[in-house]
Structure formats: structure tokens, C-alpha cells
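These notes concern the structure reproduced below.
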Amino acid sequence: MDTSAPIIKATLRSGSHYIDLSAEQKPVLDIIDEFSEEAKNKEILIIPAVHLLWWIG
């Protein structure tokens, strides 16, 4: 079940940033496709799959 979309929509409305610890590929790609332009225009960070960053680099 993907719960990220409603939460991201709420963060965009409130002007908050969104950080997600999950790393499911399909939802991450969907997040980028659906929300990146609006987030960029509002200068809001949307960061999915953040828990992977510590060991990738």
C-alpha cells in the first residue's frame, strides 16, 4: 500500500518538507514523476528512500 501521495499532498499544501525512509522503487519513481515540479516551484524538499543514502555513497 502506498501512503506517500496523500502525505506529500498535505506537505505541499502546508509548505513543509517531506522525508521518507522507505525505498520501494515504484512509489519512489511515482513520487518523482508526480510531485517534483510542484515541490521545485514551492522550494519544498521531497526526499524519498533516505535510509538508503548512508550506505550507497
Side-chain angles (χ1 to χ4, degrees):
M1 178 197 311
D2 180 21
T3 59
S4 59
I7 297 168
I8 293 171
K9 288 176 184 177
T11 63
L12 290 169
R13 282 193 306 270
S14 70
S16 302
H17 300 293
Y18 174 83
I19 300 174
D20 191 339
L21 299 177
S22 70
E24 299 175 48
Q25 272 188 321
K26 176 75 168 109
V28 168
L29 295 173
D30 291 345
I31 287 168
I32 292 167
D33 289 342
E34 186 174 348
F35 299 108
S36 62
E37 192 64 33
E38 183 178 356
K40 182 179 176 181
N41 291 339
K42 292 182 176 183
E43 298 182 352
I44 293 173
L45 298 175
I46 295 178
I47 307 171
V50 76
H51 87 282
L52 293 175
L53 298 177
W54 68 270
W55 63 269
I56 290 177

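Residues take their numbers from the sequence shown, with the count starting at 1. Being a predicted model, the structure only gives us computed values, none of them experimental.
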- For residues L45 and H17, report the shortest heavy-atom separation together with the two atoms involved. N-ND1, 2.8 Å
- Note on the structure: Tightest non-hydrogen contact, residues S4 and D20, listed as CB-OD2, 4.2 Å
Nearest 0.5 Å please: distance from the [atom1] atom of [X] over to the [atom2] atom of [Y].
X	Y	atom1	atom2	result
I7	I46	CD1	CD1	12.0 Å
Y18	I47	OH	CD1	11.0 Å
S36	I8	OG	CD1	10.5 Å
I31	K26	CD1	NZ	11.0 Å

- Query: For I32, which fellow cluster members are found when Ile, Leu, Val, Met, Phe, Trp and Tyr are connected by side-chain heavy-atom distances below 4.5 angstrom, either directly or through intermediates?
  - Reply: V28
- Message: Does atom NZ (K42) have a neighbourhood of more than 12 heavy atoms from anything else shown, all under 6.0 Å?
- Response: yes
